[in-house]
Amino acid sequence: MKTYVTVNLSKAEKWIAAREGIRRHRYDRRKNVKPRLNAPTEYKTARWINVVGSIGEYGVAKYLGLVDHLYTETKPIRDSVDLPPNIDVKTPQGHNRRLIVFRDGPSTSIYVLATFQNNELRVHGWLSGYEAKQDKYLDNPAGRGFSYYVPASELRPIPLLKSYLLDLGYSK
């Protein structure tokens with residue numbers, strides 16, 4: 001059973017997202033910002049991780065009707081929200097991946113899992129930080145430190161978040 005929404009981004013939308021990812025990567029390098037969980041720092045790999053993250057944010061914003069709220073920060077700030085009111089989009093590469101919530105990440109955030117693979121963006125679902133931070137999700141799969149890894153099958157459906165945001169007046 002399909003439990004995700006595929007979001008199609010135009011070439012122009014992908015270009016906007018890629019430019020933002022590259023801008024973030026350059027900022028991190030200039031300021032010597034270290035990635036969490038000892039993620040790769042090799043130039044091309046680290047840049048690609050930033051680009052994929054920006055593509056995920058754009059896709060989620062497009063689906064939720066929040067594109068006007070994208071990329072509002074000039075400086076990337078750790079644990080800041082990606083979209084209002086308190087949405088943090090996580091975009092690993094590969095459609096079989098889990099939602100990653102860092103141990104020190106805000107429990108009050110809404111975490112959304114988007115995945116990107118073979119030029120296809122999927123938005124899987126969402127969970128609050130409080131719900132994600134359960135011992136059963138604590139894992140250290142890459143041996144670089146523990147975080148919470150929530151399977152896509154245990155997330156709330158993304159259409160519910162869209163309805164919630166419409167009710168709050170955020171979404172179009």
Side-chain angles (χ1 to χ4, degrees), residues 4-64 66-84 86-106 109-127 129 132-133 137-152 155:
Y4 57 86
V5 173
T6 301
V7 178
N8 295 311
L9 298 179
S10 69
K11 284 183 181 182
E13 291 168 331
K14 286 178 190 170
W15 177 244
I16 291 167
R19 280 190 8 226
E20 174 63 14
I22 291 167
R23 185 192 70 78
R24 290 178 185 177
H25 173 70
R26 287 180 179 155
Y27 179 89
D28 288 350
R29 291 193 53 96
R30 256 192 334 269
K31 298 293 184 178
N32 203 25
V33 175
K34 301 294 181 209
R36 284 188 166 162
L37 296 180
N38 297 314
T41 56
E42 187 273 322
Y43 187 85
K44 286 183 180 180
T45 304
R47 184 180 61 193
W48 180 243
I49 289 169
N50 277 291
V51 167
V52 168
S54 293
I55 287 171
E57 288 173 30
Y58 201 110
V60 170
K62 183 175 180 176
Y63 176 76
L64 295 175
L66 298 172
V67 172
D68 293 344
H69 300 280
L70 268 175
Y71 315 140
T72 57
E73 295 172 347
T74 56
K75 294 188 264 184
I77 300 169
R78 186 166 279 173
D79 293 327
S80 63
V81 297
D82 297 324
L83 298 167
N86 59 341
I87 298 170
D88 189 356
V89 179
K90 301 296 185 183
T91 313
Q93 191 171 342
H95 294 313
N96 62 341
R97 304 295 296 276
R98 299 177 285 176
L99 172 68
I100 302 169
V101 177
F102 298 113
R103 292 173 81 177
D104 62 350
S109 289
I110 293 171
Y111 293 91
V112 175
L113 173 63
T115 59
F116 189 69
Q117 182 178 348
N118 298 328
N119 215 23
E120 180 185 37
L121 180 67
R122 295 178 183 176
V123 181
H124 295 269
W126 63 282
L127 219 64
K133 291 182 175 187
Y137 300 131
L138 203 55
D139 198 0
N140 184 10
R144 299 186 303 210
F146 281 91
S147 284
Y148 299 95
Y149 290 79
V150 184
L155 301 176

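This chain uses plain numbering: 1 for the first residue, then up along the sequence. This one's a predicted model, so the numbers in the text were calculated from it and none came from an experiment.
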Query raised in the report: When you look at H25 and Y43, which way does the side chain to side chain contact (heavy atoms under 4.5 Å, CB included) test go after all the steps?
Result: CA-CA 9 Å; H25 173 70; Y43 187 85; 3.2 Å; yes

Query raised in the report: So Y148 and L138, side chain to side chain contact (heavy atoms under 4.5 Å, CB included) or not? Walk me through it.
Result: CA-CA 4 Å; Y148 299 95; L138 203 55; 3.6 Å; yes

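When every heavy atom of V150 is checked against every heavy atom of A132, the shortest pair comes out as CG2-CB, 3.9 Å. Heavy atoms only, all atoms of each residue included: A114 and V60 are closest at CB-CG2, 4.0 Å. Taking each heavy atom of P92 and L113 in turn, the nearest pair found is CD-CD1, 3.6 Å.
A tilted orientation is assigned to the rings of Y58 and Y71, their planes being inclined by 30° to 60°.
In this view, T91 satisfies the side chain to side chain donor-acceptor pair (under 3.5 Å) rule with no residue, not counting sequence neighbours. By the side chain to side chain donor-acceptor pair (under 3.5 Å) test, D139 pairs with R98, sequence neighbours left out. Taking I49 as the reference, P40, T45 meet the side chain to side chain contact (heavy atoms under 4.5 Å, CB included) condition, with sequence neighbours excluded. Residues satisfying the side chain to side chain donor-acceptor pair (under 3.5 Å) criterion with Q93, sequence neighbours excluded, are W48. N119 is linked by a side chain to side chain contact (heavy atoms under 4.5 Å, CB included) to K14, F116, counting only residues two or more places apart in sequence or in another chain. With sequence neighbours left out, N8 forms a side chain to side chain donor-acceptor pair (under 3.5 Å) with no residue at all.
Atom OG1 of T6 sits about 8.0 Å away from atom CG of L121, to the nearest 0.5 Å. Rounded to the nearest 0.5 angstrom, Y111 OH and D82 CG are separated by 10.0 Å. For the atom pair CG of D104 and OG of S147, the computed distance is 8.0 Å after rounding to the nearest 0.5 Å. Note that CD1 of I16 is 6.5 Å distant from CZ of R19, once rounded to the nearest 0.5 Å. To the nearest 0.5 Å, atoms CD (E42) and CZ (R47) are separated by 9.0 Å.
No donor-acceptor pair closer than 3.5 Å links the side chain of D28 to the backbone N or O of N32. A donor-acceptor contact shorter than 3.5 Å is absent between the side chain of D88 and the backbone of V81. No donor-acceptor pair under 3.5 Å is formed between the side chain of N50 and the backbone N or O of R24. Between the side chain of K133 and the main chain of V101, no donor-acceptor pair closer than 3.5 Å is present.
Within the 4.5 Å cutoff, no side-chain heavy atoms of S10 are placed close to those of W15.
Only one option out of H124, K90, E120 pairs with T115 in a side chain to side chain donor-acceptor pair (under 3.5 Å); it is H124.
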